[in-house]
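Data block below; observations after.
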Amino acid sequence: MEAPQSLIGKLYTSYSDGLHFAKPISTLRTNEFDLVQNVLQILQGFSSAMLYWDELGHHFRVRSGIYVSHLSHTSLYHVLNQFTYAATCLKMVESRIQEVEKSVPPPPPTLRAFCCSISTWLTWLRNGALKEEMKVVDSCSLTTPTLLGLSSSLSSLCAGAEFLFQVVQEAIPQAYDETDSPISATAIAVHILNYLHKKLTEVCLVQGGEEDAYRMILHAFVSTLLPYIEGLDSWLYEGILDDPFEEMFFHANKRIAVVESEFWEKSYLLRSAKMDTGRVTDSLLSIKRTDDVSRKEPNDVSGLAKEKGANGRDLDVCPLFMKEIARDIISAGKSLQLVQHTRMASSVSANGRIAGLSLSEIFCVTLSALIGYGDHVSEYFLKEKKIVPLVKSFTGRQKEERSNKSFQEMTCSDKEWCKFLVDTMVQKGKANLISCHALGEEVDSFVVEGDKLALDRNDILSLGFRPENPAITTSQNFLHSNRDAWGPLNLSREFYLPPLNDEGLRQAIFDGSAGSFVATKSTNYTFGFQFGESERDRLKEDVTFLEELFPFPTLLPPFQEDDHVSEVFPFQENSTLASRTLNWIGRVEPRNTPLPTVILQECLIVFIKKQADCIGRNILSKLLSEWRLLEELEVLRAIYLLGSGDLLQHFLTVVFNKLDKGESLDDDFELNTTLQESIRYSADAALLSTPDSLVVSVTRNNATIEDDQRRMPLLTSTPRKSRGQNFGIDGLDSLMFTYKVPWPLELIANTEAIKKYNQVMRFLLKVRRAKFVLDKARRWMWKDRSSASINRKHHWLLEQKLLHFVDAFHHYVMDRVYHSAWGELCEGLAAARSLDEVIEIHEAYLMSIQRHCFAVPEKLWALIASRINSILGLALDFYSVQQTLSSGGAVSAIKARCEMEINRIEKQFDDCIAFLMRILSFKLNVGQFPHLADLVTRINYNHFYMSHNGSLINAPGSNTVPSKSGKLFAGQRD
């Protein structure tokens, strides 16, 4: 009887009309069990008999022609396709990571850390396939594994493989492999961190079954961020920019030393990169699943976020989550370098660390508390005293269960982050073993921040982290389980050689000698020779000392295959906490999935700000106490704001008289000699540390003055230049006063600040000179009191107007500039938190006094300053008239010309006053700048020029009185 035909056979028969070549080859027939084994092998990265790796196509393929009896060709290949795709993703990830790791030059730390994280997840996913294969082999006799069952059990693995491949393709910039246009290490680091931050934000809202995606991105983000955090740690706590691969968002300008005045502005700068308009940036490619992975286009990301319209311009290269505190970080490190350079006894680095932990260790502990338990423990670290009871509760829980312990203590003791904290503090040396000469002795106490906790014998090795002898650390479990072997492993017992059997030799040597040597039968190295007791004692002390340093020196650490060296041997100053935290992230289910912004704020940024504030307080304390900032600013105030009573009185008198005589100010030596005499004989000479710290020079080119004049608008009414430019109201603009501010205060009062001080000083010198010449003219007028003509009274009235304006303006300047602005400066310095804020406050102070003196190149202030300069120039013209009258002006023609000049001066004065009253009292200006109202009140005393309602009293006409006697007054001298 013929055997019944199978379903597959019937299907083939219906399509082939009985032709034999349409039947499948019997040798390619397989069963589902073999297919399951082949699938599990390719998921582990190996080719198999039925599923193989195509080197040309770069994907796993199903061998052509295979079939099973109970599945159609389409169904079989559809089921196998999901496994080949997942295996191809894992293989492509492996190939990409190997390419990066073997690249020349080697990858920078951030990229290398990212590849290590991806390799770890690749191993974990393949281990899942290995475990499934072991289960299949063990259960083959009981149940038959199927592809459908394997698809259900490995659904998470397949999804994870596809997600891991997507992350690798999008995170690593395509430009990294381009030799013609290499990408910088900074751009690589910033791109990877920004991508992982963005991806973690997307997956933090975890849906059912998507926890693995969150853990995968979190693991990669933490692993990639750790090298960046370590760089920040050395910068914030040691003042060292440890960045050999140039990954950080700022770089050092090695041409600027710490002692130079440009150190603060130019030593460490934000790193910038010029965007290439031809590259596609900030557009992460969404990889859609296809049958052929090789058809996927890799992400073409240059590593930098592109701003709209940023074609060819420089942009700061900084991770998105660091931009808000980037300048604070740079400022803190520079401040720390300044403090260290002064070689003070106190160290910010030592006092700034929290519980002796590094920034990366604090990040790992707080992250594990936040993710695993929802605990916000940053407040514990910000208040270091609270860490001690936390450690106490944990160590007490380790020894024994106590019924009288509070629930909170027991709960905290069982948390993994508490274990991380205690073990790290032990490794960092915060926990010390007391009264432990040898490991066999009893331990008295366990010290944490000055508090002692009782420990028993079982705690010795668990707390005995010894980086100088890592065999102890790796062999703790072995030593605990083999305490009987401690004696043979002890150095003091196994150090000496066994005694020699040399009785016959001794007998032959000492035969017939005195009996003093007969007592020694043989050479015993344990006790030494009988004549070397001192050497023996010293040797025993050396052995005991070595035993304390290197217990069990002959012990070989028993490593297992799955052990991670990073969990045992710390790298430089880092503990094993980072590796333990990353492994913990990979094996636990997160209780919370917070946003990366929350993670960074709780676990990193808050501690960076705390250290920055600590450094800021330290350097502010030094600025105000040791470096005498306020005292030096008072010196600048006394010099440049003419605040000292007679510090420059003699110098200015000599200079003013030289200008009146028409003598030029071009001799630097003579000017400095006069300046030193003025300082030396002044009552305020003690303000300067040395008289030569203040130097005056004559600028041969008035570039600064010309620039100021070009920025000021042209005026329709200007003071008549009866004198040469060098001897008019601007005659002192060529003087430049330079005060040498001691380091490091010159970082605040730098060259630019001294230039601004000089601008204010030039304006104040004009006011001082106007007062000087008006006082001198008044003395001449008092000498000529016998003449009581109408013209003389007219002269007195004009002189009072000019003097009132100059005095009122001088009082306004002294009140607003010398007193009010100084008070605001002191208040700002008291509230400052960093050197950057101190510099900003000083810059605001300079801007304030410049505005009050109308020495800023803005249209409004330039208009006001021009009229004030005109009035001050009119004071010089009035002085020239009185000088002419007092030195022989009895000729009627000269008197007539003098009267015409007086009329012109009065007319221009009234024009300027009218203009000033209008512009200073304008409601908008007064609203924006209230200090202008004070100036109006002082000038318009008793409403002499303007009434209550704002109308001018005795408003001048538009016509000015011409003067034809300019040359007459220009030629008169004392």
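Atoms considered below: every heavy atom in the structure, side chains included; atoms not considered: hydrogens, waters and symmetry mates. Please read all numbers here as calculations on a predicted model, not as lab measurements.
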Subject >> Donor-acceptor pair, side chain of Arg112 and main chain of Pro107, under 3.5 angstrom >> reply: yes
**OP:** Specify the closest pair of heavy atoms between Pro590 and Tyr214, including all atoms of both residues, with the distance to one decimal.
**Re:** CG-CD2, 4.2 Å
Subject >> Full working for side chain to side chain contact (heavy atoms under 4.5 Å, CB included) between Gln37 and Val137 >> reply: CA-CA 9 Å; Gln37 287 186 320; Val137 173; 4.2 Å; yes
Original post:
Which heavy-atom pair separates Met322 from Ile608 by the least distance, and what is that distance?
Top reply: CE-CD1, 4.5 Å
Subject >> Backbone N/O of Cys158 and side chain of Tyr85: donor-acceptor pair under 3.5 Å >> reply: no
Original post:
Is it the case that Thr110 and Glu247 place a side-chain donor and acceptor less than 3.5 Å from each other?
Top reply: yes
Original post:
To the nearest 0.5 Å, what is the distance between NZ (Lys91) and CG (Asp54)?
Top reply: 12.5 Å
Subject >> Thr201 side chain reached by Thr597 side chain, heavy atoms, under 4.5 Å >> reply: no
**OP:** Indicate the atoms forming the closest heavy-atom contact of Gly149 with Thr146, along with that distance.
**Re:** N-OG1, 3.1 Å
**OP:** For the residue pair Phe114 and Ser223, establish whether any side-chain heavy-atom pair is separated by less than 4.5 Å.
**Re:** no
**OP:** Could you tell me which non-hydrogen atom of Ile66 sits nearest to which non-hydrogen atom of Leu76, and how far apart they are?
**Re:** O-CD2, 3.9 Å
Subject >> Distance (rounded to the nearest 0.5 Å) between His197 NE2 and Leu320 CG >> reply: 7.5 Å
Original post:
Do Pro596 and Phe321 have side chains that get closer than 4.5 Å, going by heavy atoms?
Top reply: no
Original post:
Are Trp124 and His219 near enough that their ring centres are under 6.0 Å apart?
Top reply: yes
**OP:** Using distance alone, with no hydrogens and no angle criterion, decide if Trp417 and Asp375 have a side-chain donor and acceptor under 3.5 Å apart.
**Re:** yes
Subject >> Any side-chain heavy-atom pair of Asn38 and Phe83 under 4.5 Å >> reply: no
Original post:
Between Thr186 (side chain) and Glu246 (backbone), is there a donor-acceptor pair under 3.5 Å?
Top reply: yes
Original post:
Is Thr84 reaching over with its side chain to a backbone N or O of Phe60, donor-acceptor style, under 3.5 angstrom?
Top reply: no
Subject >> Steps toward side chain to side chain contact (heavy atoms under 4.5 Å, CB included) verdict (Gln169, Gln166) >> reply: CA-CA 5 Å; Gln169 287 293 96; Gln166 178 187 3; 5.9 Å; no
Original post:
Any chance the side chains of Thr366 and Glu602 put a donor and an acceptor closer than 3.5 Å?
Top reply: no
Subject >> Carboxylate-amine/guanidinium contact Glu94 Arg126, below 4.0 Å >> reply: yes
Original post:
Just by distance, do the side chain of Ser48 and the backbone of Gln41 share a donor-acceptor pair under 3.5 Å?
Top reply: no
Original post:
Between Ser360 and Ser358, is any side-chain donor less than 3.5 angstrom from a side-chain acceptor?
Top reply: yes
**OP:** Give a yes or no on this: more than 12 heavy atoms of other residues, nucleotides or ligands lie within 6.0 Å of atom CG of Leu148.
**Re:** no
Original post:
What heavy-atom pair brings Gln82 and Ser151 nearest, and what distance separates the two atoms?
Top reply: NE2-OG, 2.9 Å
Subject >> Rounded distance (nearest 0.5 Å) linking atom CG of Leu595 with atom CG of Leu200 >> reply: 8.0 Å
Original post:
For Asn194 and Cys318, which heavy atoms make the closest approach, and how far apart are they?
Top reply: ND2-O, 4.3 Å
Subject >> OG-CE distance between Ser234 and Met248, expressed to the nearest 0.5 angstrom >> reply: 7.5 Å
Original post:
Between CG of Leu43 and CG of Leu125, what distance do you get to the nearest 0.5 Å?
Top reply: 9.5 Å
Original post:
Between Phe420 and Thr581, is any pair of side-chain heavy atoms under 4.5 Å apart?
Top reply: yes
Original post:
Are Trp121 and Arg215 close enough, and set up right, to give a side chain to side chain contact (heavy atoms under 4.5 Å, CB included), and what steps lead you there?
Top reply: CA-CA 10 Å; Trp121 272 100; Arg215 289 191 297 121; 3.9 Å; yes
Subject >> Validation row: Tyr228, Leu193 side chains within 4.5 angstrom (heavy atoms) >> reply: yes
Subject >> Pair Phe250-Trp235, ring-ring contact (aromatic ring centres under 6.0 Å, His included): steps then yes or no >> reply: CA-CA 11 Å; Phe250 61 98; Trp235 174 251; 5.0 Å; yes
**OP:** Assess whether atom CD of Glu324 is packed by more than 12 heavy atoms of other residues, nucleotides or ligands within 6.0 Å.
**Re:** no
Subject >> Phe163 side chain reached by Asp212 side chain, heavy atoms, under 4.5 Å >> reply: no
Original post:
Between Leu370 and Cys603, is a side chain to side chain contact (heavy atoms under 4.5 Å, CB included) present by the stated rule, with each step listed?
Top reply: CA-CA 9 Å; Leu370 180 64; Cys603 307; 4.2 Å; yes
Original post:
So which of Ile585, Ile371, Leu196 actually passes side chain to side chain contact (heavy atoms under 4.5 Å, CB included) with Val222?
Top reply: Ile585
Original post:
Roughly how far, to the nearest 0.5 Å, is CG of Leu150 from CD of Glu32?
Top reply: 9.5 Å
Original post:
Are Lys199 and Tyr195 side-chain neighbours, meaning at least one heavy-atom pair lies under 4.5 Å?
Top reply: yes
